[in-house]
Number of protein chains: 2
Amino acid sequence: MHDNHEPGGPGPLGREPDNLQLVHLLRAVTVDFGLRQAEFAARNGMHPTDVRALICLLDADRAAEPATAGLLGARLGLNSAGTTAVIDRLERLGHVARIRDDQDRRRILLRVEPGAVRLGREFFGPLIDGVLRVLDSFDPSERDTVRRFLTSARAVFASEPRP
Amino acid sequence: MHDNHEPGGPGPLGREPDNLQLVHLLRAVTVDFGLRQAEFAARNGMHPTDVRALICLLDADRAAEPATAGLLGARLGLNSAGTTAVIDRLERLGHVARIRDDQDRRRILLRVEPGAVRLGREFFGPLIDGVLRVLDSFDPSERDTVRRFLTSARAVFASEPRP
DNA sequence: CGTAATATCTCGTTCAGCGAGATTATCGCC
DNA sequence: GGCGATAATCTCGCTGAACGAGATATTACG
């Protein structure tokens, strides 16, 4: 599977078929994006995990899911102790607030503070604008092609996640 | 910028314009991919950084760049001590070998051992195959659209990386 | 009402990554 | 051809992120 038997390519492993090169390209994008996250984290006295936590909380908000501490830990792959630590750090920086759920008083709901949102927009805004400009240069059917590809790729990655 | 003034959407922040939804989709893919990396790491007694290191070394190999310890540390954003630690771990697991460069005997060249490649293929092979199947269902012009999008997006993320 | 299940937190430990500095090898200069 | 400057990697000691185990508080079930 994916063997490269033809010699003479750029790397010692031989030439890559065209579609596989596209897969590498997708992976390269994810790597670059991760580096930007790490940069944002370092610049604001946070750790990559904290940034991922904020993104996760904003996603939950966008999806109208209750942003509980437990959900956060599960999404980040942390145990309960680690989850508490992340929230402690974000709370200390004033980026999230702990709110007891009145329906189920065992739960802690997390609210992302406006300052954190503003911070994120300042940093990621230009990057988002850049991608939006790219998308604006595509016509609607091309955008639909991109959407189908990303959706399908995500479905591939999301399938069968082991506990 | 990117404000959502229209109420009544799914999340408390309102509805997202269509293209912005595509940006979120791209980010979601990067997040899912990162989770898979972490899963691969945990399953093989490694840390996410170690996996990223292996990927980096294979990329360097593919690009016919010399895979030195220094380059690795720079790409991963680690200092020299951390870089040594990563290589120590990978060497202890038998995934890479340290090789003194005969041209410049200060340098250490890193070779990824076949066992590590095999391990990676076992885990990521099905995922790669899945994406390849998606791409096979696209016609050449659609694949070109995807390629243009990913290349442009990467250019956006790669521009102005701060030290 | 008691017992089980659920959600979060506390405590102690491990080890990844950092800063500072040591070590070894190469290069440029005269 | 030796000598300081530069470069690549490694060693040491330390901080703190994340883990496992278990405590605490709240709700659901019978």
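Lettering follows sequence order; numbering is per chain, from 1. For clarity, every value in this text was computed on a predicted model and none was experimentally measured.
- You'll find the side chain of B:L93 reaches within 4.5 Å of the side chain of B:M46, heavy atoms only.
- The salt bridge (charged side-chain N to carboxylate O under 4.0 Å, His left out) analysis of residues 21-33 of chain B, with sequence neighbours excluded, yields the pairs A:D59-B:R27, A:R154-B:D32.
- Rounded to a whole Å, the CG atom of B:L110 is 14 Å from the C1' atom of D:dC10.
- Separating the CZ atom of B:R107 from the C1' atom of C:dT23 is a distance of 19 Å, rounded to the nearest angstrom.
- The distance from atom CG of B:L109 to atom C1' of D:dT9 is 13 Å, rounded to the nearest whole Å.
- The ring-ring contact (aromatic ring centres under 6.0 Å, His included) contacts involving residues 40-70 of chain A comprise A:F40-A:F123, A:F40-A:F124, where partners must be two or more places apart or lie in separate chains.
- With contacts defined as side-chain heavy-atom distances shorter than 4.5 Å, the pair B:I55/B:V51 qualifies.
- Taking the side chain of B:A69 as heavy atoms from C-beta on, and the options C:dC9, D:dT9, C:dT8, the nearest nucleotide is D:dT9.
- Side-chain N or O atoms of A:R36 include one that pairs as donor or acceptor with a backbone N or O of B:F157 at under 3.5 Å.
- For A:E142 (side chain) and A:D139 (main-chain N/O), a donor-acceptor pair under 3.5 Å exists by modelled atom type.
- The nearest whole Å value for the distance from the CD1 atom in A:I108 to the P atom in C:dT10 is 11 Å.
- B:D88 has its CG atom 12 Å from the P atom of C:dG17, to the nearest Å.
- Nucleotide C:dT8 holds its C1' atom 14 Å from the CG atom of A:L71, rounded to whole Å.
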>> Generate the contact string for nucleotides 13-30 of chain D. Rules: B means base contact, S means sugar-phosphate contact only, - means no protein heavy atom under 4.0 Å.
In response: ----SSBB-----BS---
